[in-house]
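Hydrogens, waters and symmetry mates are skipped; everything else that's a heavy atom, side chains included, is used. Reminder, nothing fancy here: chain letters follow the sequence lines and each chain counts from 1.
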There are 2 protein chains.
Amino acid sequence: MKPPSEIPHADSRQRLLDAATDVFMEEGYHASVDRIAAKAGVAKQTLYNHFPSKDVLFGEVARRCTASILVPLDGDVSDVRESLLRFGALFRVKLLGDEGLAAFRALIAEVGRFPALARAFYDNGPAQTARRLAEFLERAMQKGAVRRDDPMFAAQMLLGMLGGVERTGRLCGQPGLAAEAEAQRLAHIVDCFLLAFAPERIDR
Amino acid sequence: MKPPSEIPHADSRQRLLDAATDVFMEEGYHASVDRIAAKAGVAKQTLYNHFPSKDVLFGEVARRCTASILVPLDGDVSDVRESLLRFGALFRVKLLGDEGLAAFRALIAEVGRFPALARAFYDNGPAQTARRLAEFLERAMQKGAVRRDDPMFAAQMLLGMLGGVERTGRLCGQPGLAAEAEAQRLAHIVDCFLLAFAPERIDR
DNA sequence: TGTGGACTGGACTGTCCAGTCTAACAGGAG
DNA sequence: CTCCTGTTAGACTGGACAGTCCAGTCCACA
């Protein structure tokens with residue numbers, strides 16, 4: 001009945017977490033515990049051996065997702081445009097990709113039930129990303145590659161431009177962009193940002 | 001038992017819609033029909049006299065909310081900054097205000113159940129706003145007050161900057177800005193946008 | 001005075017689901 | 001061989017909830 005090639009007595013906890021991630025992302029918190037156990041190929045009791053309650057399981061899943069959304073940003077200020085393009089590409093994948101959207105939807109819907117979770121998600125995800133980007137931009141400002149302004153403000157503007165309206169659309173079920181349109185748009189956005197934050201001209 | 005000053009047999013339908021709006025926005029689709037009826041001060045059967053099912057009621061509420069989020073934008077291109085400030089202030093209220101956020105959360109969580117609703121919300125809300133703003137910017141471009149670029153792209157950038165990260169934060173339960181900080185931030189954003197889309201300098 | 005339509009309170013059905021309980025099974029350690 | 005631990009299938013409890021049904025009330029209108 002079980003897939004035969006499956007290692008018997010494999011780490012149920014891990015399988016449960018994986019299954020729960022899938023199911024919660026797909027159906028939100030209201031996914032049933034039975035379905036999660038079934039998807040993990042595990043008895044319901046086993047689930048309750050590992051996690052005291054559905055809420056705790058949901059929390060674990062949320063923590064895992066939160067940990068996975070951070071976007072790396074190399075500190076290299078020598079070519080700001082290039083660095084921002086690399087960063088932006090990854091950021092947009094996290095932000096506008098199906099998994100990211102599903103996770104966000106699932107979490108957002110339960111802000112009332114799990115306010116602490118939502119706060120943690122925001123602090124360790126978007127807010128953390130904004131802080132890192134702000135640091136990067138501050139260095140770029142010090143180097144004169146970017147006009148001086150509040151670095152956090154600048155970071156928020158870039159993040160808004162990168163995500164903004166498209167995110168709303170995707171959350172409402174609109175389809176995403178094709179690969180080449182995506183690259184074009186990313187470049188367009190970054191250039192637009194760099195224009196807004198171009199260093200003041202000395203007026204030759 | 002009922003509030004005595006209440007007009008008897010008042011329009012139950014209206015009271016139901018109002019109550020349902022409140023309750024759905026507060027608890028999402030999973031709010032119970034009983035609670036809605038109770039909040040409307042009406043028997044459950046009365047609710048089912050007016051709406052054939054909970055889904056239909058939810059749909060009506062969503063349509064009402066969708067209709068209320070459009071932001072007016074006067075066509076006056078003579079002072080672009082002033083117009084954008086007015087527009088931005090209203091937009092931010094809709095986007096970052098408690099009601100707007102609650103409505104968005106409730107809808108987003110049910111994209112899977114009501115894909116058509118979500119699509120309609122997006123088309124008549126954010127997308128429509130972007131179209132109008134794009135028209136406005138196009139006129140400003142023709143007049144030379146704004147650098148030429150794809151007007152829809154420009155509109156999306158401004159909307160992203162106006163909403164962007166803060167919206168995510170608010171959706172995660174972060175508090176909003178105080179009134180004066182709000183005004184400052186709005187001006188900062190609009191000026192930043194105008195810098196990105198300043199007409200090309202002739203270099204005197 | 002009587003009739004009809006809308007409303008009320010509350011009981012009721014069927015469904016779904018979190019969480020518990022039980023009895024049985026498998027494998028490793030002593 | 002026997003305990004022990006983790007597992008399994010499935011029955012079960014208690015509660016929530018959508019939607020139905022009904023018996024009775026209130027009111028407008030004729």
request  = Please tell me which of the listed nucleotides, dG19(C), dA9(D), dC7(C), lies nearest to the side chain of His50(B)?
outcome  = dC7(C)
key: Selection from dG19(D), dT8(C), dT7(D) that lies nearest to any side-chain heavy atom of Ala43(B)   = dT8(C)
request  = Any pair with a residue in residues 93-102 of chain A that passes side chain to side chain donor-acceptor pair (under 3.5 Å), sequence neighbours left out, goes on the list, sorted by first then second residue, please.
outcome  = Asp98(A)-Arg170(A)
inquiry  = I'd like to know whether CD of Gln184(B) has more than 12 heavy-atom contacts from other residues, nucleotides or ligands below 6.0 angstrom.
reply    = no
task = Calculate the interatomic distance between Asp11(B) atom CG and dA6(C) atom P; express it in whole Å.
result = 12 Å
Polar atom pairs between nucleotides 21-24 of chain D and protein, under 3.5 Å, N or O only, would you list them?
from	atom 1	to	atom 2	distance (Å)
dC21(D)	N4	Gln45(B)	OE1	2.8

query = In whole angstroms, how far is the P atom of dT7(D) from the CZ atom of Arg13(A)?
reply = 11 Å
task = Using atom CD of Gln14(A) as one end and atom C1' of dT7(D) as the other, report the distance to the nearest whole Å.
result = 18 Å
Please set out all donor-acceptor pairs under 3.5 angstrom arising from side-chain atoms of residues 159-167 of chain B, sequence neighbours excluded.
from	atom 1	to	atom 2	distance (Å)
Glu166(B)	OE1	Arg92(B)	NH1	2.8
Glu166(B)	OE1	Arg92(B)	NH2	3.3
Glu166(B)	OE1	Arg185(B)	NE	2.7
Glu166(B)	OE1	Arg185(B)	NH2	3.4
Glu166(B)	OE2	Arg92(B)	NH2	2.8
Glu166(B)	OE2	Arg185(B)	NE	3.4
Arg167(B)	NH1	Leu95(B)	O	2.9

ask   = Do any of residues 30-39 of chain A sit with a heavy atom less than 4.0 Å from DNA chain C, and if so which?
value = Ala31(A), Ser32(A), Val33(A), Asp34(A)
task = Indicate whether the side chain of His188(A) and that of Asp149(B) have a donor and an acceptor atom separated by less than 3.5 Å.
result = yes
query = To the nearest Å, how far apart are Leu47(A) CG and dA9(D) P?
reply = 13 Å
Gap separating the CG atom of Leu57(A) from the OH atom of Tyr29(A), nearest 0.5 angstrom = 9.5 Å
message = Both Asn49(A) and Lys54(B) contact DNA chain D. Which one's nearest nucleotide lies toward the 5' end?
response = Asn49(A)
Distance-only check: which donor-acceptor pairs under 3.5 Å involve side-chain atoms of residues 112-122 of chain A, not counting sequence neighbours?
from	atom 1	to	atom 2	distance (Å)
Arg113(A)	NE	Glu110(A)	OE1	2.9
Arg113(A)	NH2	Glu110(A)	OE1	3.4

Separation of atom CG in Leu16(B) from atom C1' in dT8(C), rounded to whole Å = 13 Å
request  = Name the closest nucleotide to the Ser53(A) side chain, picking from dT7(D), dG19(D), dG19(C).
outcome  = dG19(C)
inquiry  = I need the CZ-P distance between Arg15(B) and dA6(C), as an integer number of Å.
reply    = 16 Å
query = Do any side-chain nitrogens or oxygens of Ser12(A) fall under 4.0 Å of OP1 or OP2 in dT7(D)?
reply = yes
Would you give me the side-chain donor-acceptor pairs under 3.5 Å for residues 67-75 of chain B, sequence neighbours excluded?
from	atom 1	to	atom 2	distance (Å)
Ser68(B)	OG	Cys65(B)	O	3.0
Asp74(B)	OD1	Ser83(B)	OG	3.2
Asp74(B)	OD2	Arg86(B)	NE	3.0
Asp74(B)	OD2	Arg86(B)	NH2	2.8

task = Side chain of Lys44(B) only, please: which of dC7(C), dG19(C), dA11(C) is the nearest?
result = dA11(C)
remark   = Glu27(B) atom CD is separated from dA18(D) atom P, nearest whole Å, by 11 Å
message = Could you check whether any side-chain heavy atom of Gln174(A) comes within less than 4.5 Å of a side-chain heavy atom of Thr168(A), counting everything from C-beta outward?
response = no
inquiry  = Can you see if the side chain of Thr46(A) gets near the phosphate of dT7(D) - specifically, an N or O under 4.0 Å from OP1 or OP2?
reply    = no
message = Are Phe136(A) and Arg132(A) packed together at the side-chain level, in the sense that at least one heavy-atom pair is separated by less than 4.5 angstrom?
response = no
task = Starting at atom OH of Tyr48(B), determine the distance to atom P of dC12(C), rounded to an integer number of angstrom.
result = 19 Å
message = Determine whether a donor-acceptor pair (N or O, by modelled atom type, separation under 3.5 Å) exists between the side chain of Lys39(B) and the backbone of Val23(B).
response = no
